Amino acid sequence: MNCIHPTPDEPGFATSEMLYIDPVACVDCGACVNACPVGAIAPDNRLDVRQLPFVEINASYYAPPVAGVKPPPTSKLAPVLPAAAVHVGRQPLTVAIVGSGPAAMYAADELLVQPGVRVNVFEKLPTPYGLVRAGVAPDHPNTKRVTQLFDRVARDRRFRFFLNVEIGKHLRHAELLAHHHAVLYAVGAPNDRRLDIDGMGLPGTGTATALVAWINGHPDFAHLPVDLGHERVVIIGNGNVALDVARVLTADPDDLARTDIADHALRALRSSAVREVVIAARRGPAYSAFTLPELVGLTGACDVVLDAGDHRRVLDDRATVSDPLTRSKLDVLATLGSPGEGGPASAPGIGRRRIRLAYRLTPRRVLGQRRAGGVEFAVTGTDELRRIDAGLVLTSIGYRGRPIRDLPFDESAAVVPNDGGRVVDPDTGQPVSGAYVAGWIKRGPTGFIGTNKSCSLQTVQALVADFNAGKLTDPVAKPAALAKLVRARQPEVVDSLGWRAIDAAEVARGADDGRPRVKFTATADMLAAAASAQRASPPARRLLARLRDLAEPMVS
Ligand code: NAP
């Protein structure tokens with residue numbers, strides 16, 4: 001993120017008495033907190049009194065005080081977020097957040113910075129954290145470490161999980177509003193964008209996003225039919241999801257066996273016949289959708305090749321492109337090897353598994369009668385046809401938002417219409433009172449996990465400003481009534497203690513094999529693990545929670 005300074009190329013590197021974190025660039029991923037060997041990094045809103053001067057010292061590094069000029073904010077949040085003013089006779093701000101992925105958890109974190117605010121998080125799965133659990137590739141464990149920040153947020157006494165509860169099914173929007181000042185939807189973009197060509201839908205076709213969910217043990221995808229009995233896989237689209245899938249499909253299963261990959265996926269990959277994964281993009285190398293760090297990571301970990309024609313395209317693009325980031329991508333692509341003899345249709349043969357990046361291929365149809373046998377492409381902008389044989393054809397052309405019951409929806413952009421996070425009625429152009437959005441359902445499926453930090457902050461600022469301006473109605477129901485209502489509608493609701501029991505059980509299942517965890521992939525198993533902790537009496541529950549807190553550093 002380039003948020004820690006001075007860097008090796010800046011004055012003061014190696015002589016500075018301390019390092020400084022840029023509050024604008026930092027996304028609170030927690031990576032530096034985990035990596036610091038001396039435990040010297042702490043979030044600004046968790047400092048004790050003696051540490052508070054560091055907030056000012058850190059801020060002054062980025063904008064040294066100038067006489068007569070207002071000093072810069074001493075913390076990233078406190079001055080920009082208006083206090084959730086508790087007016088006489090009003091109840092403290094209480095917010096329902098729907099979804100528990102990064103946008104939801106960052107929003108909860110921002111809200112809980114304000115004293116007195118209460119947050120209830122509703123999630124339809126029995127496990128939280130959305131795409132961090134079900135979308136991040138298992139060989140990217142560092143990315144998953146952001147869950148340590150989320151765990152810390154969830155341990156706040158003013159935070160409550162209602163997991164295994166689906167809003168729109170178990171509870172409606174109006175019911176949530178009766179118990180909260182506001183409802184913030186951070187439900188992501190759960191659908192795939194579909195490619196409308198002949199043959200999609202045949203056995204042997206599917207989407208990369210579904211495969212990622214299968215690899216990650218999402219319970220709804222545990223029984224996805226994935227046939228890896230053929231030598232070649234074609235992935236259409238070359239975003240970061242395509243790279244994730246190609247990397248996992250070509251990885252050494254023994255390496256994956258040290259990750260939290262779902263057991264069913266590991267078994268399938270151990271007996272996989274796949275030797276080559278072709279990632280086919282419709283445009284040229286300069287328009288590659290993957291990001292530079294992911295490309296560098298891919299070329300460092302796998303055998304990645306380019307056909308001779310695509311090598312020429314890289315060189316042609318490099319001669320004309322001026323944007324430094326694109327140039328760097330092209331520089332990396334220019335270093336790749338060639339697949340050797342044979343064109344795209346030739347069999348990859350036995351040997352090390354490899355990934356082939358292919359360009360200017362517009363998909364025309366999936367070949368095959370009863371099951372996929374390959375893809376026919378047109379060379380983009382020409383009538384020339386190219387055929388790539390494959391036993392598995394995956395589209396990886398992006399995610400798509402899904403309508404939320406009781407809220408407006410913009411079908412073309414596949415987002416909830418909003419103004420900086422305030423849901424807006426498209427007919428009147430007016431805000432829908434008490435309804436907010438953050439993350440992919442607000443801005444579309446773009447960016448990485450940390451992008452949600454500023455996205456959620458913007459929404460929370462709008463929400464708190466509306467509360468302070470008296471625009472949000474106090475909940476009519478008593479706080480204790482919510483848990484009763486939820487339990488009546490969904491007796492199998494999982495709370496924080498239940499989730500921590502699931503978490504501990506998964507971690508314990510992986511311990512013997514040196515794995516970070518072995519995931520439950522069936523909802524019933526998750527509920528069984530949660531039930532023992534949830535059945536305990538209140539004092540026993542408090543003791544269990546305390547014991548788990550104490551055990552946390554040893555577990556992680
Ligand atoms: P994406 O980055 O939007 O890439 C979509 C790809 O599909 C592009 O190559 C696009 O080509 C292609 N495409 C779209 N419509 C097509 C069509 N009709 N025919 C052929 N190709 C088509 O989507 P994604 O890979 O699903 O990623 C979603 C977001 O998650 C991105 O912001 C990504 O960076 C992020 N993500 C990040 C990580 C990470 O940081 N490690 C991992 C996974 C995902 P055109 O460019 O020609 O439209």
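What you are looking at is a predicted structure, and each value in this text was computed from that prediction instead of being measured. Every number for a ligand or one of its atoms is a count from 1 in the order of the listing.
With hydrogens left out, the protein atom closest to atom 17 (C) of ligand 1 is R282 NH1, 3.3 Å, a heavy atom. Given atom 24 (P) of ligand 1, the protein heavy atom at minimum distance is V241 CG2, 3.7 Å. When hydrogens are left out, the protein atom nearest atom 46 (O) of ligand 1 is R283 NH2, 2.9 Å; that is the closest non-hydrogen contact. Here the heavy atom of the protein found nearest to atom 35 (C) of ligand 1 is G447 O, 3.5 Å. Among protein heavy atoms, atom 6 (C) of ligand 1 sits closest to S396 O, 3.6 Å. For atom 29 (C) of ligand 1, the closest heavy atom belonging to the protein is P445 O, 3.6 Å. Taking atom 34 (O) of ligand 1 as the reference point, the nearest protein heavy-atom neighbour is N240 ND2, 3.0 Å. G239 CA, 4.3 Å is the protein heavy atom nearest to atom 1 (P) of ligand 1.
Below 30°, between 30° and 60°, or above 60°: for W440 and Y399 the angle between ring planes is between 30° and 60°, a tilted geometry.
A side-chain donor-acceptor contact under 3.5 Å links K329 to the backbone of F290.
Atom CZ of R152 has more than 12 heavy atoms from other residues, nucleotides or ligands within 6.0 Å. No more than 12 heavy atoms of other residues, nucleotides or ligands sit less than 6.0 Å from atom CG of D383.
Of all atoms in ligand 1, numbered sequentially from 1 with element shown, those under 4.0 Å from a heavy atom of W440 are 29 (C), 30 (O). Of all atoms in ligand 1, listed by their number and element, those nearer than 4.0 Å to a heavy atom of G398 are 23 (O), 26 (O). Near T446, the atoms of ligand 1 lying under 4.0 angstrom from a non-hydrogen atom of the residue are 32 (O).
When only interatomic distances are considered, the shortest N/O to N/O separation between P363 and ligand 1 does not fall below 3.5 Å. For ligand 1, none of its N or O atoms has an N or O atom of T291 under 3.5 Å away. In terms of polar-atom proximity, Y287 is not counted as a contact of ligand 1, lacking any N or O under 3.5 Å from an N or O of the ligand.
By heavy-atom distance, the residue among A289, G237, A280 lying nearest atom 12 (C) of ligand 1 is G237. Between the choices T451, I397, V136, T395, the shortest heavy-atom distance to atom 21 (N) of ligand 1 belongs to I397.
In this model, no donor atom of one side chain and acceptor atom of the other lie less than 3.5 Å apart for Y359 and T380. Checking N2 against T7 by side-chain atom types alone, no donor-acceptor pair falls below 3.5 Å.
When heavy-atom distances to ligand 1 are checked against a 4.0 Å cut-off, D244 comes that close only through its side chain, counted from C-beta outward. Counting heavy atoms closer than 4.0 Å to ligand 1, residue L195 contributes side-chain atoms (C-beta onward) but none from N, CA, C or O. Contacts of F377 with ligand 1, taken as heavy-atom pairs under 4.0 Å, are absent altogether.
Proximity of atom 3 (O) of ligand 1 to the protein is not indicated, since no non-hydrogen protein atom lies closer than 4.0 angstrom. Atom 10 (C) of ligand 1 is never approached by the protein to below 4.0 angstrom, counting heavy atoms only.
Between F161 and F122, the distance from one ring center to the other does not fall under 6.0 angstrom.
Across all non-hydrogen atoms, the minimal contact from V518 to R509 is O-NE, 3.0 Å. In this structure, D260 and P516 approach most closely via the heavy-atom pair N-CG, 3.8 Å.
Side-chain contact check for R517 versus K144: every heavy-atom pair is 4.5 Å or farther apart. Under the 4.5 Å side-chain criterion, counting only non-hydrogen atoms from C-beta, H230 is in contact with R371.
Looking at D254 and R270, a side-chain N of the basic residue comes within less than 4.0 Å of a carboxylate O on the acidic one, giving a salt bridge.
Screening V460, L457, V146 against Y106 for a side chain to side chain contact (heavy atoms under 4.5 Å, CB included) leaves a single residue, V146.
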